[in-house]
Amino acid sequence: VAMGIFVLLAGSLSSIFTQALQGQRKTLATQEVLEQTSYVLDYMSRALRMAKKDITGSCTGIGPNYVTYITTNSRVLGGQTFSGPGIKFINSSSVCQEFFLDSASSTLKESQSGAAPVDLISKNIKINSFNIYFVGTHQNDTIQPKVTFFLDIEGKNQSKIKVQTTVSQRNLDIKR
């Protein structure tokens, strides 16, 4: 009888311990996704907020402050070909900068002046969707430029997050 009670208690305790470990793994995976998402949102928001007008047309062409492209557009950066949705603009240092989703690796990347792109997020994190919407990006409109981007992110242990943010360009978009 004592042995039977011991086996039941040991089985119950090991089951509880296993569930606790699985819960902790999922919590840590979700925390990693949240931390990386927070970094990416802050980094991209700061860069987009400080964007400048492309007066020369060397990055976005004459007229728009931002240019977005869709999944089917492929481009060569640093000698490699990439395809996926993205946004291109002149940053606060007057450099042509772009953020895009590399469809092949499901990774969010950044490139400056057409150089080889760098990852903005860990390889452990998969970007399922990166959508960009904007209003007021042309020099001839009377609307302050705003960019809204949406990310659908998935990490380990089925940790997922969907996040959306809107960024307004800091410098007024008016003709001078």
Side-chain angles (χ1 to χ4, degrees), residues 32-155 161-176:
E32 180 184 10
V33 169
L34 289 171
E35 286 173 356
Q36 294 208 25
T37 302
S38 176
Y39 167 76
V40 166
L41 287 177
D42 184 50
Y43 183 77
M44 290 175 61
S45 295
R46 186 177 305 123
L48 289 166
R49 187 177 299 116
M50 298 301 292
K52 294 180 176 181
K53 293 180 185 182
D54 187 2
I55 297 170
T56 63
S58 61
C59 182
T60 62
I62 296 178
N65 296 338
Y66 306 103
V67 172
T68 62
Y69 34 87
I70 56 174
T71 306
T72 56
N73 292 19
S74 63
R75 57 212 164 279
V76 177
L77 299 167
Q80 302 174 24
T81 302
F82 298 94
S83 66
I87 186 166
K88 186 189 266 191
F89 58 96
I90 296 286
N91 67 16
S92 61
S93 302
S94 300
V95 173
C96 185
Q97 183 174 2
E98 59 185 299
F99 298 116
F100 65 95
L101 174 64
D102 179 12
S103 298
S105 65
S106 297
T107 305
L108 200 58
K109 296 187 179 275
E110 170 196 26
S111 177
Q112 293 189 13
S113 297
V118 294
D119 293 339
L120 289 178
I121 207 156
S122 165
K123 299 278 187 196
N124 299 332
I125 307 293
K126 178 182 173 187
I127 308 293
N128 295 324
S129 177
F130 178 51
N131 297 319
I132 306 153
Y133 308 98
F134 54 81
V135 295
T137 64
H138 205 277
Q139 300 296 317
N140 296 327
D141 61 28
T142 58
I143 302 169
Q144 182 63 21
K146 286 188 258 181
V147 177
T148 299
F149 55 95
F150 169 82
L151 292 167
D152 181 359
I153 303 174
E154 184 177 343
I161 186 170
K162 293 181 181 181
V163 62
Q164 173 181 317
T165 191
T166 300
V167 179
S168 175
Q169 189 172 329
R170 181 176 248 173
N171 296 326
L172 293 177
D173 181 23
I174 55 175
K175 290 184 178 183
R176 296 179 192 235

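Predicted model, so just to flag it, every value in this text is computed and none were measured. Along the sequence shown, residues are numbered consecutively beginning with 1.
Among all heavy-atom pairs drawn from Ser168 and Arg49, the shortest one is O-CG, 3.4 Å. Considering all non-hydrogen atoms of both residues, Ser103 and Gly84 come closest at OG-CA, 3.3 Å. Closest approach of Thr60 and Lys88 over heavy atoms only: CG2-O, 3.5 Å. Residues Cys59 and Phe89 share a closest heavy-atom pair of SG-O, 3.5 Å. When all heavy atoms are compared, the tightest approach of Ser113 to Val95 is OG-CG1, 3.0 Å.
Looking at Thr107, its side chain does come within 3.5 Å of a backbone N or O of Ser105 through a donor-acceptor pair. Side chain of Lys52 to main chain of Ser92: a donor-acceptor pair is present (N/O by atom type, distance under 3.5 Å, no hydrogens or angles). A donor-acceptor pair under 3.5 Å is absent between the side-chain atoms of Gln36 and the main chain of Ile125, judged by distance alone. Checked by atom type and distance alone, the side chain of Gln169 pairs as donor or acceptor with a backbone atom of Ala51 at under 3.5 Å.
For the side chain to side chain contact (heavy atoms under 4.5 Å, CB included) with Ile153, the qualifying choice from Val40, Leu108, Leu34, Val33 is Val33, the only one to do so.
With rounding to the nearest 0.5 angstrom, the CZ atom of Phe130 is 10.0 Å from the OG1 atom of Thr68. One distance of note links OH of Tyr133 with CZ of Phe150; it measures 8.0 Å at 0.5 Å rounding. Note that OG1 of Thr37 and CG of Leu151 are 7.0 Å apart. Values are rounded to the nearest 0.5 Å. Once rounded to the nearest 0.5 Å, the distance linking CD1 of Ile90 with OG1 of Thr56 reads 6.0 Å. One finds the OH atom of Tyr66 at 11.5 Å from the CD1 atom of Ile132 (value rounded to the nearest 0.5 Å). Atom CD of residue Gln112 and atom CZ of residue Phe99 lie 8.0 Å apart, to the nearest 0.5 angstrom.
Sequence neighbours left out, the pairs with a member in residues 100-119 that pass ring-ring contact (aromatic ring centres under 6.0 Å, His included) are Phe82-Phe100.
For Asn128, the side-chain contact (heavy atoms from CB on, under 4.5 Å) criterion is met by Lys126, Asp152, Glu154, not counting sequence neighbours.
Put simply, the side chain of Thr165 reaches to within 4.5 Å of the side chain of Ser45, judged on heavy atoms. Using a 4.5 Å heavy-atom cutoff, the side chains of Phe149 and Leu48 are in contact.
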